[in-house]
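Working notes for the structure below.
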Amino acid sequence: MSADTTALLADLRAEASALGFDALGIAPAVLPAATGAELDRFLDAGYHGEMGWMADTVERRRSPHILWPEARSVIALAMSYTPEVSPLETLERPLTGTLSVYARGDDYHEVIKPKLKQLARWLLARAGGDVKVFIDTAPLMEKPLAALAGLGWQGKHSNLLSRDLGNWTFLGFIATTLELPHSEPATDRCGSCNACLTACPTEAFPAPYQLDARRCISYLTIEHPGPIPRSLRLALGNRIYGCDDCLAVCPWNKFAQSAREQKLQAREAFLEPDLIALVQLDDAGFRSLFRKTAVKRIGRTRFIRNCLMALGNSSSLQAVEPVIALLDDPAPLLRGAAVWALGRLDGERFGQEYERRAACEGDARVRAEWRASLKDSLR
């Protein structure tokens, strides 16, 4: 490596660190064919569920150079968002919602992308060439690319983890036409540990390093547009947006202490949110509360569906009246979720509402919820 290149990389790392990034690595713009083959197996098994956009963009996902043929190198960057308190702590509080750690502050896209652009402009001014900035909205295989750049390895839970930063990292990428020296790929250090696999509430891992998104709580509460499958509802507990269980139990998190500078601040209201208050939000209230957050992107209907699942799991009679109020919601998805939640909370009130409402319900799926919940109540 020439002295000029050595100096460039040193300055690049210093600039990235000044912007708040915790790690930087460089990968070639071509991913191994085996990575694309693994993606094909994932899609062929149907593990992507209703995320049709993954299948639609599969050819472009195979490698960065397919997205941009002129690219020669990809700079991979990681920013830690390791929480100060484990997200598992709120799982024992039935009337408190549990939001995934990454969603507890401002939308990470709005935090990371400006910093990526600033670093890309610095690189252009310093070394020339051309650049493109990518975050997870682009059809890019982020985790394999970050592993190739040496930022960490994909653990048995399929997420990227690092011996220095643990499991909670946001990723961003700068593709460039510059020929830069590549970092050494990371070594898999999971060993015989299966903590992440056994921690999954819905058994979403068919095997180590494989994820069936259709059973994953993050998929079910964020990407899945319809009713949560009845067989998985109890396992959701009070998780109302995403799930961190497989990340939180990983032993490698103990080495992430130095990353806890909280560059990405959690909002106080999202640390221990009141489920009964959340389930009463109208559209304007939802938009106001979750303004500039990742949660806002799923919309009020899908979010309140999640809260109704959590209230149905709460065993709290305090939730009965707010749940009954949603039996009149214009959205069939919410009426159906409210039916299930009421059946779980109060059999007597469920029977009364069944007599009043079931026969005149206009949506077939909601009528099916009434029938299924009645059957459950009679067991």
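With values rounded to the nearest 0.5 angstrom, L232 atom CG is found 8.0 Å from I228 atom CD1. Remark: L99 CG to L278 CG distance equals 7.5 Å, nearest 0.5 Å. In this structure, CD1 on I222 lies 8.5 Å from CG on N306, to the nearest 0.5 angstrom. The distance from the CZ atom of F350 to the CD1 atom of I324 is 11.0 Å, given to the nearest 0.5 Å. To the nearest 0.5 Å, atom NE2 of residue H224 and atom CD1 of residue I298 are 12.5 Å apart. Note that OG1 of T202 is 8.0 Å distant from CG of L236, once rounded to the nearest 0.5 Å.
Taken together through direct or relayed side-chain contacts under 4.5 Å among Ile, Leu, Val, Met, Phe, Trp and Tyr, W252 and L171 form parts of separate hydrophobic clusters. Note on L77: it clusters hydrophobically with Y102, by side-chain heavy-atom contacts below 4.5 Å among ILVMFWY residues. Under the 4.5 Å side-chain heavy-atom criterion for Ile, Leu, Val, Met, Phe, Trp and Tyr, F21 and L151 are members of distinct hydrophobic clusters. At a threshold of 4.5 Å between side-chain heavy atoms, the hydrophobic network of Ile, Leu, Val, Met, Phe, Trp and Tyr places Y108 and V295 in one connected group. I75 and V131 fall within a single hydrophobic cluster, where Ile, Leu, Val, Met, Phe, Trp and Tyr side chains are chained together by heavy-atom contacts under 4.5 Å.
Judged by distance alone, with hydrogens and angles left aside, the side-chain atoms of S183 form a donor-acceptor pair with the main-chain N or O of I26 at under 3.5 Å. With N238 contributing its side chain and R93 its backbone, the two residues share a donor-acceptor pair below 3.5 Å. For S63 (side chain) and I66 (main-chain N/O), no donor-acceptor pair under 3.5 Å exists by modelled atom type. At distances below 3.5 Å, at least one donor-acceptor pair connects side-chain atoms of D363 with backbone N or O atoms of V366. The main-chain N or O of C196 is never found under 3.5 Å from a side-chain atom of K156 such that the two would form a donor-acceptor pair. Listed for the S73 side chain is a donor-acceptor partner under 3.5 Å among the backbone atoms of L180. A donor-acceptor pair under 3.5 Å links the side-chain atoms of T221 to the main chain of G242, judged by distance alone. Between the side chain of R60 and the backbone N or O of L67, no donor-acceptor pair lies under 3.5 Å. A donor-acceptor pair is defined here as one N or O able to donate and one able to accept, closer than 3.5 Å; no such pair exists between the side chain of R305 and the backbone of A337. The main-chain N or O of L374 is found under 3.5 Å from a side-chain atom of S377 such that the two form a donor-acceptor pair.
Looking at W53 and H48, their side chains never come closer than 4.5 Å, going by heavy atoms from C-beta outward. Contact check for L220 versus P229: side-chain heavy atoms found under the 4.5 Å cut-off. Side-chain contact between L148 and V74 is absent, with no heavy atoms from C-beta onward closer than 4.5 Å. For the pair L19 and L116, the minimum side-chain heavy-atom distance is 4.5 Å or more. A heavy-atom distance below 4.5 Å is found between the side chains of E321 and R349. Looking only at side-chain heavy atoms (C-beta outward), S162 and T169 stay at 4.5 Å or farther from each other. Residues L161 and C250 have side chains in contact (heavy-atom distance under 4.5 Å, counting atoms from C-beta outward). With contacts defined as side-chain heavy-atom distances shorter than 4.5 Å, the pair P227/M309 does not qualify.
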Working for side-chain contact (heavy atoms from CB on, under 4.5 Å), residues M51 and Y219: CA-CA 9 Å; M51 295 185 289; Y219 167 81; 3.8 Å; yes
Evaluation steps, side-chain contact (heavy atoms from CB on, under 4.5 Å), between T82 and N253: CA-CA 8 Å; T82 299; N253 290 328; 6.0 Å; no
Audit row: S314, L275, side-chain contact (heavy atoms from CB on, under 4.5 Å) steps and yes/no: CA-CA 10 Å; S314 72; L275 277 172; 5.6 Å; no
Derivation of the salt bridge (Lys or Arg N to Asp or Glu O under 4.0 Å) call for R357 and D328: CA-CA 10 Å; R357 299 169 182 270; D328 293 316; 2.6 Å; yes
Stepwise side-chain contact (heavy atoms from CB on, under 4.5 Å) check, K117 with R121: CA-CA 6 Å; K117 289 182 175 180; R121 286 193 294 269; 3.8 Å; yes
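The side chain to side chain contact (heavy atoms under 4.5 Å, CB included) check on E348 picks up D346, Q352, with sequence neighbours excluded. A358 pairs by the side chain to side chain contact (heavy atoms under 4.5 Å, CB included) definition with Y354, W370, not counting sequence neighbours. Residues that satisfy the side chain to side chain contact (heavy atoms under 4.5 Å, CB included) test with V58, not counting sequence neighbours, are L39, D40, L43, R62. Here T177 pairs with W68, E70, D130 under the side chain to side chain contact (heavy atoms under 4.5 Å, CB included) rule; sequence neighbours left out.
Taking 4.0 Å as the cut-off between side-chain N and carboxylate O, R233 and E369 count as a salt-bridged pair. Using a 4.0 Å cut-off between charged nitrogen and carboxylate oxygen, R344 and D376 do not count as a salt-bridge pair. A salt bridge is defined here as a Lys NZ or Arg NE, NH1 or NH2 lying under 4.0 Å from an Asp or Glu carboxylate O, and D212 with R214 meets this definition.
Sequence neighbours left out, the pairs with a member in residues 278-305 that pass ring-ring contact (aromatic ring centres under 6.0 Å, His included) are F270-F290, F286-F290, F286-F303, F290-F303. Pairs passing the side-chain hydrogen bond (donor to acceptor under 3.5 Å, both in side chains) check and including a residue from residues 8-19, sequence neighbours excluded, read D11-R126.
Screening R267, K292, K113 for a salt bridge (Lys or Arg N to Asp or Glu O under 4.0 Å) involving D106 leaves a single residue, R267. Under the salt bridge (Lys or Arg N to Asp or Glu O under 4.0 Å) rule, R300 has a single partner from D282, D329, D283, which is D329. For the salt bridge (Lys or Arg N to Asp or Glu O under 4.0 Å) criterion with E361, the lone passing option out of R367, R356, R335 is R335.
L145 and P28 get closest at one heavy-atom pair: CD1-O, 4.1 Å. When all heavy atoms of P330 and P332 are compared, the closest pair comes out as O-CD, 3.3 Å. In plain terms, the two heavy atoms of L24 and A16 that are nearest each other are CD1-CB, 3.9 Å. The nearest pair of heavy atoms linking P201 to D245 is CG-OD2, 3.6 Å. Summarising the geometry of R41 relative to A34, their closest heavy-atom pair is NH2-O, 4.5 Å, with the distance given to 0.1 Å. Taking each heavy atom of L311 and L345 in turn, the nearest pair found is O-CD2, 3.2 Å.
Side-chain polar atoms of T96 and T90 form no donor-acceptor pair below 3.5 angstrom.
Under a cut-off of 6.0 angstrom, the local environment of CZ in R287 is sparse, with at most 12 non-hydrogen atoms contributed by other residues, nucleotides or ligands. R163 CZ: 12 or fewer foreign heavy atoms inside a 6.0 Å radius.
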